[in-house]
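Everything below concerns the one structure shown next.
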Amino acid sequence: MSSDADLHALRHSASHIMAQAVRKLFPNVKLGIGPAIEDGFYYDFKTGTPFTTDDLKKIETEMKSIIKSKEAFERFELSYGEAKEFLAKQNEPLKLELLEDHRDETISFYRNGDFTDLCAGPHLEHTGQLKAFKLLSVAGAYWRGDEKNEMLQRIYGTAFATKDDLQAYLTQLEEAEKRDHRKLGAELDLFSIHHKEAGPGLIYWHPRGSIVRRVIEDFWKNTHEDHGYQLVYTPHLVKVDMWKTSGHYQMQYPMYFTEIDGDEYGVKPMNCPGHIMIYKTQTRSYRDLPIRQAEMGTVYRHEKSGVLHGMLRVRGFTQDDAHVFCTPAQLLDEMLGILGLIDTILGTFGFQYQAYLSTRPEKSVGSDENWEMATNALREALDKKGLPYIEDPGEGVFYGPKIDFKIKDAIGRTWQLSTVQVDFNLPERFDMRFIDSDGEQKHPVMIHRAIFGSFERFMGILIEHFAGAFPIWCAPEQAIVIPIADRHLDYCKEVAKKIRAAGLRAVVDERNEKLGYKIRSAQKQKIPYMLVAGDKEVEEGRVSVRTRAEGDQGAAPVQEVIDAILAQVREFK
RNA sequence: GCCAACGUAGCUCAGUAGGUUAGAGCGUAUCCUUGGUAAGGAUAAGGUCACCGGUUCGAAUCCGGUCGUUGGCUCCA
């Protein structure tokens with residue numbers, strides 16, 4: 001029954017009812033727009049004094065009384081002229097502005113009780129059908145989404161068909177809050193940000209977070225070398241001449257600049273020009289191609305202060321970047337290779353993903369033939385891999401088509417992660433060449449690609465996805481050895497030493513506390529294996545095994561436990 | 001960058017009609033305790049109440065500014 005369309009109508013009606021309530025409580029507000037959105041609805045208002053949280057409660061109460069009176073939603077139509085007159089009379093300047101986009105159309109309105117709004121619909125039959133809603137937050141929003149326009153006050157709310165659905169949604173919000181990587185990052189001692197002393201948007205990786213990162217980096221490097229990539233390093237500081245050649249300087253890319261010996265330098269916001277420098281050190285033959293260069297390149301971008309968010313949106317971050325330089329004829333094979341690599345790496349973390357193909361935008365560089373050739377190669381690669389994809393027409397970058405990948409995390413949120421972009425622009429700007437089999441000099445095709453996007457962002461996503469309980473293979477500590485009393489400490493140290501000798505990560509809880517306390521503490525740290533040793537275990541050369549997920553598993557010989565953990569690590573469990 | 005809310009110990013939070021030495025829990029340190037699967041006990045240390053300025057006899061509390069955080073908007077090659 002409650003299809004997407006029904007839910008949409010429900011929420012849209014909720015936004016009308018909210019606007020009606022706001023109108024009643026604050027007669028001077030002017031109406032902006034009020035659509036249904038993915039998780040609810042909002043309405044924008046022009047008002048002299050911003051709304052407060054207390055106002056939300058009052059508005060909710062008012063809404064409930066409108067719902068109680070079961071006002072019917074009635075549709076009626078006016079000509080453009082009549083509509084204009086009507087809205088002028090209502091004194092709704094913003095609505096009048098919207099009307100201008102519909103000059104040659106019949107204009108539809110919806111009326112319920114004393115409230116009438118310019119609206120395409122559809123709506124509920126009457127206000128009494130809104131059973132479950134909640135107002136969530138107040139925010140500023142530019143009129144018509146343009147930062148040059150004035151800022152309106154937006155109220156967000158959500159509505160569902162049933163109270164249970166609403167409650168489930170609110171519970172999910174709470175669950176997301178519990179998993180917040182900023183909270184878990186501090187609790188699990190993974191990273192910190194020192195906004196005041198060291199600057200916002202810059203991440204400090206603690207020892208425990210660094211282990212996770214290092215293990216993933218090693219995996220990433222090995223996998224790339226297996227796939228024919230060469231690892232490189234390039235400088236962070238580059239003279240602006242290079243950013244002028246790349247075009248970033250002219251387009252005022254948000255970079256950091258400094259002056260050295262009278263020359264202007266920029267901190268790199270991306271790695272591609274560096275890789276191009278390496279390419280250009282030799283005359284390349286078609287026989288040398290494809291060249292695949294990979295770098296975990298740390299870049300800095302001057303992001304606006306308001307967009308910074310934990311590890312997910314920062315000013316300094318490390319891209320798992322790579323560039324492939326190839327001939328047009330090699331493009332398909334290279335794309336196939338990249339799609340396979342993405343599948344391997346994302347699959348290791350257990351992520352399902354969805355591909356999106358973005359085609360040529362209105363403003364673009366490059367010839368028609370190139371765009372067609374590249375777009376076809378991307379399509380063909382996706383088809384050959386049997387990868388279903390959604391096409392985003394016109395959403396490509398100005399320099400070439402791209403494929404993006406979005407993953408779904410443990411609580412159903414989607415994150416844009418990997419991206420693969422064909423580039424016709426930079427090879428020309430940097431005059432990159434190779435000598436083809438016909439003896440002619442040609443520009444290679446360049447592919448930019450990142451799988452995690454950035455380590456910082458990926459780490460943030462991983463923390464939230466796993467709720468801090470990292471898979472055994474990349475967990476900061478794989479095992480903690482817990483003595484029951486002080487006299488078992490030496491034995492526990494021996495056990496930890498053996499585990500480490502096997503290439504695993506283990507620590508000993510040496511604190512003078514009871515077993516229950518240490519278990520609780522290890523459990524909170526989400527350590528996969530807790531190995532307990534008392535008199536019995538010492539005597540038998542065993543440890544009692546407790547896993548963070550399954551609890552007490554009983555005693556086992558130390559070597560057996562080590563083998564079991566090793567087996568899981570090998571399988572990236 | 002824009003709109004709004006917020007900023008008290010390492011963490012989570014009390015504390016305002018402006019009035020001596022600003023509180024609690026967790027965590028930390030020391031001592032007692034040597035305990036068998038999610039918190040044993042005692043004592044102690046720890047705060048320029050974000051910062052700067054103003055109002056006042058007196059400011060954590062009121063006002064202004066700055067910085068930062070949060071939720072949005074814009075942006076996100």
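Keep in mind that the numbers below use all heavy atoms, side chains included, and drop hydrogens, waters and symmetry copies.
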**Study point:** Approximate separation, where rounding is to 0.5 Å, of A/D180 CG and A/E175 CD
**Key:**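 One gets 11.5 Å once the value is rounded to the nearest 0.5 Å.
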Practice item. Measure the spacing between CD1 of A/I519 and CD of A/E513 and express it to the nearest 0.5 Å. Key: 13.0 Å
**Study point:** Cation-pi geometry met for A/R182 and A/F191 (6.0 Å, 45°)
**Key:** no
Check your understanding: Should the pair A/K406 and A/Y356 be classed as cation-pi, given the thresholds of under 6.0 Å to the six-membered ring centre and 45° from the axis?
Key ->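 Yes, A/K406 sits over the ring of A/Y356.
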Could you write out each protein N or O paired with an N or O of nucleotides 11-14 of chain B at a distance under 3.5 Å?
none

Point to revise | Nucleotide pairing, RNA chain B (Watson-Crick or G-U, distances under 3.5 Å), in dot-bracket with [ ] and | | key: (((((((..((((.....[...)))).(((((.......))))).....(((((..]....))))))))))))....
Roughly how far apart, to the nearest Å, are [N] and [M] at atom [atom1]?
N     : M     : atom1 : result
B/A60 : B/A17 : P     : 14 Å
B/A50 : B/G10 : P     : 13 Å
B/U34 : B/C6  : C1'   : 47 Å
B/C52 : B/C67 : P     : 15 Å

Review point. Is it true that a side-chain atom of A/H488 and a backbone atom of A/A485 form a donor plus acceptor pair closer than 3.5 Å?
Key: yes
Check your understanding: Is the backbone of A/G34 close enough, under 3.5 Å, to the side chain of A/S15 for a donor and an acceptor to pair up by distance?
Key ->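 A pair under 3.5 Å: yes.
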Check your understanding: Should A/R511 and A/D509 count as an ion pair when the cut-off is N to O under 4.0 Å?
Key ->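 Answer for the salt bridge query: yes.
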Check your understanding: Do any of residues 180-192 of chain A sit with a heavy atom less than 4.0 Å from RNA chain B, and if so which?
Key ->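 Under 4.0 Å from RNA chain B: A/R182.
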Review point. Residues from residues 194-208 of chain A sitting under 4.0 Å of RNA chain B, heavy atoms only?
Key: A/H195, A/K196, A/P200
Review point. So A/Y253 and A/H302, ring-ring contact (aromatic ring centres under 6.0 Å, His included) or not? Walk me through it.
Key: CA-CA 9 Å; A/Y253 197 87; A/H302 193 168; over 10 Å; no
Check your understanding: Do you know which of A/F405, A/Y389, A/W415 makes ring pair (Phe, Tyr, Trp, His ring centres under 6.0 Å) with A/Y353?
Key -> A/F405
Review point. Taking OP1 and OP2 of B/G71, is either one under 4.0 Å from a side-chain nitrogen or oxygen of A/H309?
Key: yes
Check your understanding: Just by protein heavy atoms under 4.0 Å, how would nucleotides 72-77 of chain B read 5' to 3' in B, S and -?
Key -> BBBBBB
**Study point:** Base versus backbone protein contacts along nucleotides 35-48 of chain B [heavy-atom cut-off under 4.0 Å; B, S, -]
**Key:** BBBBBB--------
Exercise for review: For A/L312 and B/U69, give me the distance from atom CG to atom P, rounded to whole Å.
Suggested key: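 Between P of B/U69 and CG of A/L312: 14 Å.
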Review point. Could you state the OH-C1' distance from A/Y491 to B/U34, rounded to the nearest angstrom?
Key: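 Between C1' of B/U34 and OH of A/Y491: 19 Å.
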Check your understanding: When all nucleic acid strands are considered with a 4.0 Å heavy-atom cut-off, which category describes A/L308: base, sugar-phosphate, or nothing?
Key ->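 Sugar-phosphate, no base atom in range.
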Point to revise | From A/K95, A/K30, A/R154, residue fulfilling salt bridge (Lys or Arg N to Asp or Glu O under 4.0 Å) relative to A/D44 | key: A/R154
**Study point:** Verdict with reasoning, A/W371 to A/F424, per side chain to side chain contact (heavy atoms under 4.5 Å, CB included)
**Key:** CA-CA 9 Å; A/W371 272 92; A/F424 308 120; 4.2 Å; yes
